[in-house]
2 protein chains.
Amino acid sequence: MYERKTPVTVDCGLHLFMEVMNGKWKINLVWCVYNGIKRPGELQRKIPNATRRVLEGQLKQLVNHGILSKKNYDVKPLKVEYNLTELGESLIPIIKSTAKWGEENREKLEKLIVE
Amino acid sequence: MYERKTPVTVDCGLHLFMEVMNGKWKINLVWCVYNGIKRPGELQRKIPNATRRVLEGQLKQLVNHGILSKKNYDVKPLKVEYNLTELGESLIPIIKSTAKWGEENREKLEKLIVE
DNA sequence: TATAATACGGACAAATTTATCCGTACTTGA
DNA sequence: TCAAGTACGGATAAATTTGTCCGTATTATA
């Protein structure tokens with residue numbers, strides 16, 4: 001595991017949000033879980049551009065940050081399932097309204113973001 | 001300038017939002033400008049933990065992404081001022097509600113984010 | 001008995017972001 | 001004229017995130 005060298009600062013609430021949601025695939029993961037796609041294998045197939053290794057890392061962070069919970073079923077073959085925690089659920093309206101802003105301004109933004 | 005090697009993908013609206021707001025100091029910058037702190041020097045003094053060089057870069061991105069506008073006054077000594085664009089203004093309620101979520105859950109989150 | 005599916009992790013490389021160190025040009029005030 | 005203020009930018013180092021390549025173990029199926 002990578003060890004931070006500079007401490008995280010979270011002066012304002014938006015920093016807290018960013019801290020939790022930053023990560024190339026976290027939005028997709030939260031959204032998938034919210035829509036019932038909960039198992040590691042399913043998630044990997046649903047987000048094929050991300051490698052398993054990275055998804056694993058981001059899932060672990062989401063769990064550590066209290067957004068998702070992880071359940072290990074005691075069956076063979078192995079079964080694992082992620083679910084939104086209460087905190088994770090509380091994020092859904094935020095995600096929705098933020099996504100709405102993005103969609104409303106997509107045309108404008110896409111042109112500008114090209115780079 | 002750094003040149004991207006992999007294209008940016010913005011499948012959903014939240015990606016658009018993240019693309020625009022990602023950057024260690026962008027939130028602070030937008031918030032400062034919104035609160036009337038608009039000149040480069042002022043901004044640097046207001047956010048002393050960031051180096052000038054980085055603030056400059058992030059300001060430039062915010063301008064490129066259509067969130068801020070930059071005005072060069074034709075006076076000596078030089079005077080420059082940043083302002084929110086219409087698109088930038090439309091971001092304010094989003095930022096507020098997102099920050100609210102963060103503050104409401106600050107206690108919980110701070111414990112979890114420690115790392 | 002091989003093949004594919006379930007799930008996980010170490011070590012390291014590549015990409016990206018942030019920070020540091022240098023320098024420019026002009027103007028004001030001591 | 002010298003120090004400090006305004007503002008900006010190149011080159012490179014350090015920190016961080018993302019991706020690649022290797023490997024583990026177990027079980028079901030052909």
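Owing to the predicted nature of the structure, the values given are computational and were not obtained by experimental measurement.
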Contacts under 3.5 angstrom, residues 88-100 of chain A side chains, donor-acceptor by atom type, not counting sequence neighbours:
unit_1, atom_1, unit_2, atom_2, d
S90(A), OG, L87(A), O, 2.6
S90(A), OG, W101(B), NE1, 2.9
K96(A), NZ, Y34(A), OH, 3.2
S97(A), OG, I94(A), O, 3.2
T98(A), OG1, I94(A), O, 2.8
K100(A), NZ, E104(A), OE2, 3.1

Taking the side chain from [X] and the backbone from [Y], do they hold a donor-acceptor pair closer than 3.5 Å?
X       : Y      : value
E103(B) : G13(A) : yes
E42(B)  : R39(B) : yes
T85(A)  : S69(A) : no

Should [X] be listed as having a side-chain N or O under 4.0 Å from OP1 or OP2 of [N]?
X      : N       : result
K60(B) : dC8(D)  : no
Q44(A) : dA7(C)  : no
T51(A) : dT18(D) : no
T6(B)  : dT16(C) : yes

With the side chain of R53(A) defined as its heavy atoms from C-beta on, choose the nearest nucleotide among dT6(D), dT20(C), dT20(D). dT20(D)
Check every atom of dT17(D), dC8(C), dG9(D) against the side chain of R4(A) and return the nucleotide holding the closest atom. dT17(D)
Sequence-distant partners of W25(A), ring pair (Phe, Tyr, Trp, His ring centres under 6.0 Å), two or more places apart: none
Would you kindly give the [atom1]-to-[atom2] distance between [X] and [N], to the nearest whole Å?
X      : N       : atom1 : atom2 : answer
Q58(B) : dG9(D)  : CD    : P     : 15 Å
Q61(B) : dT16(C) : CD    : P     : 13 Å
L59(B) : dT17(C) : CG    : C1'   : 16 Å
M18(A) : dT16(D) : CE    : P     : 17 Å
K38(B) : dA7(D)  : NZ    : C1'   : 19 Å
E56(B) : dT20(C) : CD    : P     : 15 Å
L55(A) : dG9(C)  : CG    : P     : 14 Å

Using heavy-atom distances to pick each residue's nearest nucleotide on DNA chain D, tell me which of N49(A) and Y2(A) is more 5'. Y2(A)
Determine, step by step, whether K60(A) and E56(A) satisfy the salt bridge (charged side-chain N to carboxylate O under 4.0 Å, His left out) criterion, reporting the C-alpha distance in whole Å, the side-chain angles of both residues, the deciding distance to 0.1 Å, and the verdict. CA-CA 6 Å; K60(A) 184 170 283 185; E56(A) 259 175 23; over 6 Å; no
Would you please name every residue forming a side chain to side chain donor-acceptor pair (under 3.5 Å) with K38(B), sequence neighbours left out? N83(B)
Tell me, which of residues 69-80 of chain B have any heavy atom that sits under 4.0 Å from an atom in DNA chain D? K70(B), L78(B), V80(B)
Is there a residue in residues 22-33 of chain A whose heavy atoms reach under 4.0 Å of DNA chain D, and which residues are they? G23(A), K24(A), W25(A)
Which part of the nucleic acid, if any, lies within contact of E42(A), taking any heavy atom under 4.0 Å across all strands shown: a base, the sugar-phosphate backbone alone, or nothing? nothing
Could you tell me whether R39(A) contacts a base, only the sugar-phosphate backbone, or nothing, with contacts defined as non-hydrogen atoms closer than 4.0 Å? sugar-phosphate
Do L78(A) and L68(A) share a hydrophobic cluster, counting only Ile, Leu, Val, Met, Phe, Trp and Tyr and linking them when any side-chain heavy atoms are less than 4.5 Å apart? no
Hydrophobic cluster partners of Y73(B) (side-chain heavy atoms under 4.5 Å): V75(B)
Heavy-atom closest pair, residues V10(A) and R106(B): O-NH1, 3.0 Å
Measure distances between side-chain N and O atoms of R52(A) and base N and O atoms of dG19(D), and say whether any donor-acceptor pair falls under 3.5 Å. no
